[in-house]
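Throughout, residue positions are numbered sequentially from 1 according to the sequence presented. Only a predicted model underlies this, so the values are computations on that prediction, with no experimental measurement involved.
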Amino acid sequence: MTDVDLIEAKIREVAATDGIYPGVTIVHNTRTTTVEYMSANGLRELHTTLAELRALGPDYFPHYFNVQEAQDYVPKIFALLEQNDLDQSISFFQQVRSGPGAPFAWYLSATRLLLRGTDGRPLLTITMAHAIEPASHVTRKVQRLLEENNFLRSHHTRFATLTRREREILRGVALGQTAQESAGHLFISPQTTETHRRNLRRKLQVESAFELGQYARAFDLI
């Protein structure tokens, strides 16, 4: 039996359950990074057909997904394929849209290896994706977490220039401490505290306490 035969047999097996499970079912070919199957409800949500998805090939991902935040879960998918274990799965949040220019919606997805090829290597993955209600508090929390994560990636170089003492001062600023209070906690003079605060703003290129707070939250100082 060839890989093509294996894929066709597995797709028939998955398609036989179309409509039974909540959410959207997607089967990807790991060799071609092409969608081999998507449940009917998913095709309706994306306003497309399976033939159109297959024709997109690898362009499927930038067409429908937020590429920037995909940096958080794509490495997990690669690690899953490397493990080549049918019993392992991963879960992640992702943003999906019906096409370029359309607004993104949050989905909670879970992926696992579905089929190995004749060479024993991963051939198909299966993903179950479920939309999260826009008004859900989970959606808002995930949005904040990903914004902080994006901030961390974008500003890591600047943050790395801070000394240990400057990070302690930064934490105090984010907690609303005055220069006098920070000086008391760290057993240094208020004048030294003010010097550290000026250095913080210069190194991080910020002006406001809010901007300093962004650094403190993103880098887990508070």
Side-chain angles (χ1 to χ4, degrees), residues 1-134 136 138-139 142 146 149:
M1 184 175 285
T2 67
D3 282 350
V4 173
D5 295 328
L6 291 172
I7 290 173
E8 290 178 350
K10 185 58 70 174
I11 293 301
R12 286 195 298 271
E13 181 182 330
V14 174
T17 64
D18 193 353
I20 294 178
Y21 306 108
V24 178
T25 304
I26 312 104
V27 176
H28 280 98
N29 187 316
T30 65
R31 312 293 175 85
T32 63
T33 62
T34 299
V35 175
E36 293 284 355
Y37 170 83
M38 180 178 287
S39 54
N41 55 349
L43 296 175
R44 285 194 299 270
E45 289 182 23
L46 297 183
H47 311 296
T48 189
T49 66
L50 184 56
E52 290 173 331
L53 291 183
R54 287 175 172 169
L56 279 174
D59 290 335
Y60 162 81
F61 296 98
H63 191 85
Y64 290 110
F65 298 88
N66 185 331
V67 177
Q68 184 177 22
E69 55 92 7
Q71 298 176 50
D72 294 324
Y73 60 80
V74 168
K76 295 172 65 176
I77 296 175
F78 284 135
L80 180 71
L81 296 179
E82 186 63 29
Q83 290 175 0
N84 196 15
D85 186 345
L86 291 170
D87 294 326
Q88 294 295 317
S89 65
I90 58 172
S91 60
F92 47 91
F93 291 101
Q94 58 185 166
Q95 288 182 297
V96 185
R97 60 187 177 183
S98 59
F104 283 110
W106 282 106
Y107 280 72
L108 174 60
S109 298
T111 296
R112 74 172 181 86
L113 181 61
L114 179 65
L115 179 69
R116 296 190 184 101
T118 54
D119 59 359
R121 299 299 302 162
L123 182 57
L124 296 179
T125 60
I126 186 168
T127 299
M128 300 292 293
H130 200 289
I132 302 174
E133 291 294 329
S136 168
V138 173
T139 303
V142 171
L146 287 175
N149 199 45

Are the side chains of [X] and [Y] in touch, meaning some heavy atoms are under 4.5 Å apart?
{"X": "P100", "Y": "H63", "result": "yes"}
{"X": "V96", "Y": "F65", "result": "yes"}
{"X": "I7", "Y": "V4", "result": "no"}
{"X": "W106", "Y": "Q95", "result": "yes"}

Quick check for you: to the nearest 0.5 Å, what is the distance between [X] atom [atom1] and [Y] atom [atom2]?
{"X": "I11", "Y": "L114", "atom1": "CD1", "atom2": "CG", "value": "7.0 Å"}
{"X": "N41", "Y": "L43", "atom1": "CG", "atom2": "CG", "value": "8.0 Å"}
{"X": "T30", "Y": "L124", "atom1": "OG1", "atom2": "CG", "value": "7.0 Å"}
{"X": "M1", "Y": "T118", "atom1": "CE", "atom2": "OG1", "value": "11.0 Å"}
{"X": "Y73", "Y": "Q94", "atom1": "OH", "atom2": "CD", "value": "4.5 Å"}
{"X": "L115", "Y": "D3", "atom1": "CG", "atom2": "CG", "value": "8.0 Å"}

Residues 53-60, side-chain donor-acceptor partners within the protein, below 3.5 Å, at least two apart:
| residue | atom | partner | partner atom | Å |
| --- | --- | --- | --- | --- |
| R54 | NE | E36 | O | 3.3 |
| R54 | NH2 | E36 | O | 2.5 |

(message) Would V35 and L50 count as a side-chain contact (heavy atoms from CB on, under 4.5 Å) here? Give the steps.
(response) CA-CA 8 Å; V35 175; L50 184 56; 4.2 Å; yes

(request) Not counting sequence neighbours, which residues clear side chain to side chain contact (heavy atoms under 4.5 Å, CB included) with E13? List them please. (result)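 Counting only residues at least two positions away or on another chain, E13 forms a side chain to side chain contact (heavy atoms under 4.5 Å, CB included) with K10.
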
(message) Among residues at least two apart in sequence or on other chains, which ones pass ring-ring contact (aromatic ring centres under 6.0 Å, His included) with F61?
(response) H28

(message) List the residues meeting side chain to side chain donor-acceptor pair (under 3.5 Å) with T2, not counting sequence neighbours, and say none if there are none.
(response) D5

(message) Under the rule for side chain to side chain donor-acceptor pair (under 3.5 Å), what residues qualify as partners of T48, not counting sequence neighbours?
(response)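 Residues passing side chain to side chain donor-acceptor pair (under 3.5 Å) with T48: E52.
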
(message) Please find the pair of heavy atoms, one from N66 and one from F104, that lie closest to each other, and give the distance.
(response) N-CE2, 3.4 Å

(message) Show the nearest heavy-atom pair for residues G23 and H130, with the distance to one decimal.
(response) N-CD2, 3.7 Å

(message) With no hydrogens and no angle check, just 3.5 Å: does a side-chain donor-acceptor pair link N29 and T34?
(response) no

Side chains of residues 77-92: which donor-acceptor pairs under 3.5 Å do they make with residues two or more places apart or in other chains?
| residue | atom | partner | partner atom | Å |
| --- | --- | --- | --- | --- |
| N84 | OD1 | R116 | NE | 3.1 |
| N84 | ND2 | G120 | O | 2.9 |
| D85 | OD1 | D87 | N | 2.9 |

